[in-house]
Amino acid sequence: MKTKFIFVTGGVLSSLGKGLAAASIAALLKSRNMQVTIQKLDPYINVDPGTMNPFQHGEVYVTDDGAETDLDLGHYERYLGAPMAQYNNYTSGSIYNSVINKERRGDYLGGTVQVIPHVTDEIKKVVRDVGRKGEDVAIIEIGGTVGDIEGQPFLEAIRQLRSDLGKENVLYIHLTLVPYMRAAGELKTKPTQHSVKELRSIGIQPDIILCRSEVELSEDLKAKIALFCSVEHDAVFSAVDVDNIYKVPLTFYREGLDQKIAIMLRLPAKNPDLSDWRDLVYRLENAEGRVRIGIVGKYVDLTEAYKSLHEALVHGGVANRLAVELVYVNAEELSPENLDSRLKELDGILVPGGFGYRGVEGKILASGYARREKIPFFGICLGLHSAVIEFARNVLDLPKANSGEFVPDSPDPVIYLMTEWYDVRNQCLQKRDASSDKGGTMRLGSYPCVLQEGSKARAAYGRELIHERHRHRYEFNKDYAERFEAKGMVLSGCSPDETLVEIIEVEDHPWFVGCQFHPEFKSNPMEAHPLFRDFIKAARENQTS
Ligand code: GLN
């Protein structure tokens, strides 16, 4: 069977949950035994979100192949349970980049290079390529809102694709907002009508309208939207607000959305098996206890910056039948004086990844507090760096220990930039220039790690060889390895060639683990990441000990 394409656009305003809607549709089709893939097309000019400030853009999600992508890809992986790759995310910047490269190479044979057809052809190519494994369905989410100037080439490309691929192989779903006017006590359809009009003005007639609203749409209201927007009455769906994002697939299912999609695209859909989603929602709503986890970070006002982390902690809770209360602690506000009052109520402390010196001394203080007070501690990437620096300063008695990222000429660079290392994933020798502005290229994507027998990490994973995703430049400095080990730090995970330290643990502590990689990217609601599962378990045990 040829891959069928579902294009998801958004209208009225942003933040309606288009990514979650696309991911939920993917989950539902998968539950009907279909092979599904998803792609996000982002209209901004950045080639990828790697250089974007998390304050503005939220988390940068990293895939196995080392792509720095939009955070919606995290939702796709979590809902679909399948890994994403570079080809699942393109931006206007990346599309223009390849068009301009082709132009410079002379591929256009001296022709005038234009948005139509050259840019739109490039977009159509990447869209068609996403179903490369012969998936039954490819869901393509167009970022931004209909009417944005930046999004127009993408919309034009998907308009053309209907004739290129055949009507029976393409479906357009438009997500809009149906606001509830409290004063009038009614839902308003006008913004939806306008947004659909906008879409039709560029030649796209939606097949399905998905209406985000506070309350369910009545049949009368659906009929009205259907009439004004020229869609079938039973192709208008409520996407009503839910208190938990993992309820969205079941909500859509109850509305009959996936069934309608299957009919419209003539998909050979089996009856869905949604038992795992039901089980998940049941577990979320029937927790047997609660743990308080402190996230000591920099972006405490913008939790989107820690999206996957947040979800991975929820998954860890689900695996232990516990609700997880997240307490964001601003690292910059921590001082030796207020440490105890700020952190003592927490059952577990997590220091997440990050870049730059701001807040690092607070993270170092927090990891020291967790170590001394025997509070379960989980350090991720910069969190591992903080824990290592703290241990060096206070246990190894190296008061000036630091990371090369913060103090380039530290006398004790316990975390440093490896100027030369063998990159097993890309199979080449990587060289970095410490004096260059950005300190060289990052270690990105999936790398293998061997776990030491008897360690907490090994107990969590239950196997020796693991693969985890990275996004950093600095590493544990192995010159100090023996000194750390002599004082009770276990280097429990290393690269197979033993040059890179990937996991550290502290002995004589209930659970103190730091990892150089980002385990949160691989956690799944149906199967929590082993480190998050065990961290939450340790936090629970800490309550009763
Ligand atoms: N800033 C640190 C580095 O580049 C840590 C990065 C991270 O936490 N992802 O090595």
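Counting convention: from 1, in listed order, for ligands and their atoms alike.
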Will you find, in the side chains of [X] and [Y], an N or O donor that is under 3.5 Å from an N or O acceptor?
X: Tyr357; Y: Glu361; value: yes
X: Glu527; Y: His315; value: no
X: Asp497; Y: Ser495; value: yes
X: Tyr369; Y: Arg342; value: no

Minimum side-chain heavy-atom gap Ile380-Glu520 below 4.5 Å =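 Yes. Closest side-chain heavy atoms under 4.5 Å.
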query = What do the steps show when you test Asp65 against Gln86 for side-chain hydrogen bond (donor to acceptor under 3.5 Å, both in side chains), and what is the final call?
reply = CA-CA 7 Å; Asp65 62 349; Gln86 178 69 73; over 6 Å; no
Would you mind listing each N/O atom of ligand 1 next to any protein N/O under 3.5 Å, plus the distance?
unit_1: ligand 1; atom_1: 1 (N); unit_2: Gly354; atom_2: O; d: 2.9
unit_1: ligand 1; atom_1: 1 (N); unit_2: Glu405; atom_2: OE1; d: 2.8
unit_1: ligand 1; atom_1: 1 (N); unit_2: Glu405; atom_2: OE2; d: 2.9
unit_1: ligand 1; atom_1: 4 (O); unit_2: Arg473; atom_2: N; d: 3.0
unit_1: ligand 1; atom_1: 8 (O); unit_2: Gly354; atom_2: N; d: 2.9
unit_1: ligand 1; atom_1: 8 (O); unit_2: Gly354; atom_2: O; d: 3.4
unit_1: ligand 1; atom_1: 8 (O); unit_2: Leu382; atom_2: N; d: 3.0
unit_1: ligand 1; atom_1: 9 (N); unit_2: Arg471; atom_2: O; d: 2.8
unit_1: ligand 1; atom_1: 9 (N); unit_2: His518; atom_2: NE2; d: 3.0
unit_1: ligand 1; atom_1: 10 (O); unit_2: Arg473; atom_2: N; d: 3.0
unit_1: ligand 1; atom_1: 10 (O); unit_2: Tyr474; atom_2: N; d: 2.8

